[in-house]
Amino acid sequence: MADSQEHSTPESEAAAPSGIKRRLPLLAAITAGLAIGVGSGAVLVGPAAARALGFGAEAAADSAATDEDDADADSMANAGAAPAVLTLDNLVLNPAGSGGSRFLLLTVAMECGGAPAIATLQTRDAELRDVVLSTLSRKTVDELADVMQRETIKTELLAALNERFGKKTVLRVYFPQYVVQ
């Protein structure tokens with residue numbers, strides 16, 4: 001009976017380390033991937049998030065600006081400087097007739113008629129998102145996936161936005177992210 005019990009042999013002891021050795025490259029790849037991800041996040045995402053939250057040297061310089069500087073910035077914006085753009089990130093909607101099995105993931109960037117227009121849209125954010133989502137939800141998957149109809153969709157969305165918020169509030173519509181699944 002004692003002989004029927006399994007005894008460890010050199011072969012079974014050698015099999016255990018080889019299983020670990022086979023997994024070692026996978027563990028090394030996972031560790032390297034995590035290190036690269038953390039490093040790139042600290043270098044790329046960290047400073048951008050700090051600027052967005054108002055930390056750092058740029059934020060200190062911005063907070064030290066006077067009313068005269070603000071007036072100069074407004075006059076530059078009206079004189080043809082960079083346009084005022086408002087972005088709605090990562091909107092998700094179900095197209096018409098999809099039964100919830102398909103979706104559109106998009107980011108909408110709207111070039112606005114200046115700082116007052118941006119302030120209006122930011123204040124009425126829920127209403128803005130509703131206009132975008134309800135306008136695009138009326139489209140079928142085929143319409144949304146057709147690249148040739150993209151400009152028509154932008155034109156319809158622009159008309160709906162300006163109807164709701166006033167003419168020339170939104171000048172142009174862009175889709176920097178547009179994924180149909």
Side-chain angles (χ1 to χ4, degrees), residues 37 39-96 98 102-181:
S40 63
V43 171
L44 301 174
V45 178
R51 279 191 301 275
L53 294 173
F55 298 109
E58 293 91 1
D62 288 344
S63 66
T66 63
D67 291 335
E68 182 178 283
D69 292 337
D70 291 341
D72 290 343
D74 287 342
S75 65
M76 285 178 52
N78 294 333
V85 177
L86 177 66
T87 304
L88 297 177
D89 291 315
N90 299 324
L91 297 173
V92 179
L93 64 97
N94 295 111
S98 68
R102 304 286 301 270
F103 66 91
L104 170 66
L105 168 68
L106 79 152
T107 295
V108 180
M110 294 158 284
E111 184 179 329
C112 299
I118 291 241
T120 299
L121 294 175
Q122 286 175 333
T123 313
R124 297 168 64 184
D125 182 67
E127 189 176 358
L128 173 64
R129 290 172 184 273
D130 181 63
V131 170
V132 172
L133 293 174
S134 61
T135 301
L136 296 176
S137 293
R138 291 186 202 115
K139 302 287 181 192
T140 64
V141 173
D142 292 335
E143 291 171 322
L144 292 171
D146 186 2
V147 177
M148 301 304 290
Q149 291 199 25
R150 196 81 41 94
E151 289 303 316
T152 305
I153 293 169
K154 288 179 185 179
T155 303
E156 289 177 25
L157 184 56
L158 180 64
L161 290 166
N162 283 326
E163 180 181 324
R164 177 72 62 93
F165 297 105
K167 290 185 179 182
K168 303 299 179 188
T169 300
V170 178
L171 305 175
R172 288 182 189 84
V173 174
Y174 305 100
F175 296 139
Q177 178 184 28
Y178 193 94
V179 180
V180 179
Q181 285 290 329

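Basis for what follows: all heavy atoms, side chains included, without hydrogens, waters or symmetry-related copies.
In this structure a side-chain-to-backbone donor-acceptor pair under 3.5 Å is present from T120 to P116. In terms of modelled atom types and a separation under 3.5 Å, the side chain of R172 and the main chain of E111 share no donor-acceptor contact. When atom types are taken as modelled, the side chain of E127 and the backbone of R124 share no donor-acceptor pair closer than 3.5 angstrom.
Of all heavy-atom pairs spanning P176 and T107, the tightest one is CD-O, 3.1 Å. Residues P95 and L104 come closest through the heavy atom pair CD-N, 4.3 Å. Nearest heavy-atom pair, V173 versus F175, reported as atom, atom and distance to 0.1 Å: CG1-CE2, 4.0 Å. Considering every non-hydrogen atom in both R129 and D89, the closest pair reads NH1-O, 4.4 Å. Here the closest heavy-atom approach between residue I153 and residue K139 is recorded as CG1-CE, 4.3 Å. Closest approach of L158 and L171 over heavy atoms only: CD2-O, 3.7 Å.
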Report task. Go through V85 and C112 one step at a time and tell me if the side-chain contact (heavy atoms from CB on, under 4.5 Å) criterion holds. Result -> CA-CA 6 Å; V85 177; C112 299; over 6 Å; no
Report task. In sequence, state the C-alpha distance, the side-chain angles, and the governing distance for L128 and V131, and then conclude on side-chain contact (heavy atoms from CB on, under 4.5 Å). Result -> CA-CA 5 Å; L128 173 64; V131 170; 5.7 Å; no
Query - Evaluation steps, side-chain contact (heavy atoms from CB on, under 4.5 Å), between L105 and N90 - result: CA-CA 6 Å; L105 168 68; N90 299 324; 4.2 Å; yes
Requested in this report: Show your reasoning for whether side-chain contact (heavy atoms from CB on, under 4.5 Å) applies to V170 and F165.
Outcome: CA-CA 8 Å; V170 178; F165 297 105; 5.7 Å; no
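Proximity of L136 to L91: side-chain heavy atoms (C-beta onward) are nowhere separated by under 4.5 Å. Counting only heavy atoms from C-beta outward, the side chains of K167 and T169 never approach each other to under 4.5 Å. In this structure, N94 and R102 have side chains that are not in contact, with every pair of non-hydrogen atoms separated by 4.5 Å or more. Residues T135 and R138 meet the side-chain proximity criterion, which asks for heavy atoms closer than 4.5 Å.
Between N162 atom CG and M110 atom CE the span is 11.0 Å, to the nearest 0.5 Å. How far CD of Q149 is from CD of E156: 8.5 Å, rounded to the nearest 0.5 Å. To the nearest 0.5 Å, atom CG of residue L106 and atom CG of residue L88 are 8.5 Å apart. Note: D125 CG to D130 CG = 11.0 Å, rounded to the nearest 0.5 Å. To the nearest 0.5 angstrom, L157 atom CG is 9.0 Å from S134 atom OG. Note that CG of L133 and CG of L93 are 6.0 Å apart. Values are rounded to the nearest 0.5 Å.
In this structure, Q177 places its CD atom where more than 12 heavy-atom neighbours from other residues, nucleotides or ligands lie under 6.0 Å away.
Relative to the ring axis of Y178, R150 places its NZ or CZ within 45° and under 6.0 Å from the centre.
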